[in-house]
Amino acid sequence: TIIIVVLLTSFDMLRFVTKWQPFESKELVFPGTPVISKLKSLDNTYRTLGPFVAEGSVYYHIPNTNGYDPLYINRYGEFLESLNDRKIKSSGRVGTSLPQNGKYLPKVIDLLGIKYVLIKTKDLNKPWVLPIKQYPKDKFELIYKEKDFLLFKNNNVFPRAFLVENIKVLNKDQEIINQMLDDNFDLRNSAVIEKDINLNNSIDFKGNASIIKYLPNEVEIDTSSNADSLLILTDNYYPGWKAEIDGKQTEILRTDYTFRGILVPEGRHKVKFYFNSDSFRWGMYLAAISTLSIFIVLIGKWYTKNTK
């Protein structure tokens with residue numbers, strides 16, 4: 001009976017995989033094109049806004065702002081949805097996408113790390129793409145052009161990791177959104193956190209943060225500052241991510257509604273973010289135990305049958 005269950009389960013899993021991901025040559029499913037080659041040559045610590053979905057983004061290693069099905073964090077989806085009218089609401093089950101004509105997008109487009117914008121030539125003035133012409137003329141620079149695509153660079157994008165000394169402590173979600181989207185709130189030099197860390201500097205602050213390693217499950221950053229400050233990494237805050245300063249573990253603070261921040265002392269330091277999920281580790285243990293248990297039961301049944 002157990003063997004039949006295992007075989008049926010394996011067959012159903014294979015059927016599901018072939019239904020959604022055909023076993024074809026990768027060149028047929030993800031072909032190489034001039035525009036893709038250009039995108040792959042760009043700095044992949046920044047995000048690209050363009051007409052491609054999560055599958056292509058993952059395969060070609062081109063970070064973007066969107067998420068699909070379980071591959072996005074609900075709080076991040078709420079943040080993007082608030083760019084329309086400041087109201088917090090879910091973006092829905094099937095995925096989330098940046099509201100490119102959102103009223104408050106110009107306020108946060110630099111914070112989101114969107115350095116590149118890819119637009120189909122025929123869609124340049126369509127309502128479903130970023131209205132490039134409505135931004136200041138020196139903000140977006142055309143850096144690549146071909147028959148079907150135009151690629152622009154955002155000259156004012158924030159670094160993906162940067163230091164700030166000014167913080168605002170708020171606990172209610174709507175208050176956080178309202179503060180961030182306020183015209184007088186400087187997102188480059190200020191941040192909203194949900195826990196008071198007693199960061200009160202009275203000197204002329206100077207600081208710098210440089211990403212020296214950026215991988216899907218590990219980020220290393222060098223920092224230098226003349227006072228204590230908050231390091232912001234504009235990747236999503238999520239359980240399982242941990243951080244170290246000079247090898248010593250430190251707390252990750254949820255910052256600007258959905259991103260990560262840590263308190264960094266003055267001076268020079270090496271910061272490391274890494275993913276080490278307890279739930280994932282326990283899942284691996286349980287899977288290994290279950291697999292081993294199946295083999296033990298099968299061997300036991302075989303041994304019993306052949307020793308009678």
Side-chain angles (χ1 to χ4, degrees), residues 46-47 49 65 73-91 96-115 117 130-131 134-136 138-140 154-209 211 221 223 225-238 251-264 266:
Y46 288 96
R47 297 186 176 99
L49 180 62
T65 57
I73 298 167
N74 186 60
R75 194 171 180 90
Y76 174 67
E78 292 175 349
F79 176 67
L80 294 189
E81 285 293 323
S82 73
L83 302 182
N84 287 309
D85 53 12
R86 286 195 182 190
K87 296 181 180 179
I88 298 174
K89 51 186 175 295
S90 174
S91 59
T96 185
S97 60
L98 190 72
Q100 300 190 40
N101 283 276
K103 179 180 179 181
Y104 297 97
L105 177 58
K107 172 74 177 178
V108 303
I109 190 170
D110 299 327
L111 176 68
L112 285 168
I114 299 173
K115 188 172 184 177
V117 179
L130 189 73
Q134 295 182 19
Y135 287 79
D138 59 347
K139 183 172 181 61
F140 290 103
N154 179 3
N155 291 317
N156 305 122
V157 66
F158 296 172
R160 288 296 314 284
F162 57 98
L163 298 171
V164 302
E165 63 163 339
N166 302 314
I167 61 169
K168 184 83 172 181
V169 180
L170 297 171
N171 323 93
K172 297 181 179 179
D173 291 349
Q174 190 61 61
E175 290 182 354
I176 296 173
I177 293 297
N178 291 342
Q179 181 66 67
M180 291 180 64
L181 300 182
D182 187 281
D183 290 339
N184 297 317
F185 192 73
D186 182 3
L187 290 170
R188 178 59 181 85
N189 297 296
S190 307
V192 181
I193 59 175
E194 300 165 45
K195 176 182 178 180
D196 194 356
I197 56 175
N198 297 317
L199 184 61
N200 297 302
N201 293 327
S202 58
I203 63 174
D204 183 18
F205 177 73
K206 294 180 181 179
N208 181 63
I211 295 177
I221 304 169
T223 68
S225 63
N226 63 347
D228 296 352
S229 57
L230 182 73
L231 171 65
I232 300 175
L233 175 65
T234 52
D235 283 347
N236 275 298
Y237 177 93
Y238 191 77
E251 181 183 8
I252 299 179
L253 304 165
R254 189 161 63 190
T255 303
D256 286 344
Y257 196 83
T258 188
F259 301 119
R260 301 177 214 160
I262 62 171
L263 177 61
V264 179
E266 67 173 297

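All figures in this text were calculated on a predicted structure; none of them were measured in a lab.
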[Y] and [X], any side-chain heavy atoms less than 4.5 Å apart:
X: Phe259; Y: Leu112; result: yes
X: Asn208; Y: Leu163; result: no
X: Ile114; Y: Val157; result: no
X: Val264; Y: Asp228; result: no
X: Leu130; Y: Ile109; result: yes
X: Ile88; Y: Glu81; result: no
X: Phe162; Y: Leu111; result: yes
X: Leu253; Y: Lys195; result: yes

Measure the spacing between [atom1] of [X] and [atom2] of [Y] and express it to the nearest 0.5 Å.
X: Asn189; Y: Ser229; atom1: CG; atom2: OG; value: 11.5 Å
X: Met180; Y: Phe79; atom1: CE; atom2: CZ; value: 4.0 Å
X: Ile176; Y: Thr258; atom1: CD1; atom2: OG1; value: 10.5 Å
X: Leu233; Y: Thr255; atom1: CG; atom2: OG1; value: 9.5 Å
X: Ile211; Y: Thr223; atom1: CD1; atom2: OG1; value: 12.5 Å
X: Ile167; Y: Leu263; atom1: CD1; atom2: CG; value: 8.0 Å

Do [X] side-chain atoms and [Y] backbone N/O form a donor-acceptor pair below 3.5 Å?
X: Asn156; Y: Phe140; result: no
X: Asn155; Y: Asp138; result: yes
X: Lys206; Y: Ala227; result: no
X: Arg188; Y: Phe158; result: no
X: Ser82; Y: Leu80; result: no
X: Asn178; Y: Gln174; result: yes

Test: [X] and [Y] ion pair at under 4.0 Å:
X: Lys89; Y: Asp85; value: yes
X: Asp256; Y: Lys168; value: no
X: Asp173; Y: Arg75; value: yes

Which heavy atom of [X] sits nearest to which heavy atom of [Y], and what is that distance?
X: Arg47; Y: Thr65; answer: CD-CG2, 4.0 Å
X: Tyr46; Y: Pro159; answer: OH-CA, 3.7 Å
X: Ala161; Y: Leu231; answer: CB-CD1, 4.3 Å
X: Phe205; Y: Ser225; answer: CE1-CB, 3.9 Å
X: Pro99; Y: Leu105; answer: O-CD2, 3.6 Å

Original post:
What's the verdict on side chain to side chain contact (heavy atoms under 4.5 Å, CB included) for Leu83 and Leu98, showing C-alpha distance, side-chain angles and the deciding distance?
Top reply: CA-CA 9 Å; Leu83 302 182; Leu98 190 72; 4.1 Å; yes
**OP:** Using the side chain to side chain contact (heavy atoms under 4.5 Å, CB included) rule, take Val108 and Tyr257 through it: C-alpha gap first, then chi angles, then the decisive distance, then the call.
**Re:** CA-CA 12 Å; Val108 303; Tyr257 196 83; over 6 Å; no
**OP:** Answer yes or no on whether Arg254 is positioned over the face of Tyr237, meaning its NZ or CZ is under 6.0 Å from the six-membered ring centre and within 45° of the axis.
**Re:** yes
**OP:** Could you tell me whether the side chains of Thr234 and Arg160 share a donor-acceptor contact shorter than 3.5 Å?
**Re:**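 Judged by distance alone, the side chains do pair up.
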Subject >> Short side-chain donor-acceptor distance under 3.5 Å, Asp110 and Asn154 >> reply: yes
Original post:
Would the number of heavy atoms belonging to other residues, nucleotides or ligands and lying under 6.0 Å from OH of Tyr238 be above 12?
Top reply: no
**OP:** Output, in order, the C-alpha distance, side-chain angles, deciding distance and verdict of side chain to side chain contact (heavy atoms under 4.5 Å, CB included) for Glu194 and Leu170.
**Re:** CA-CA 5 Å; Glu194 300 165 45; Leu170 297 171; over 6 Å; no
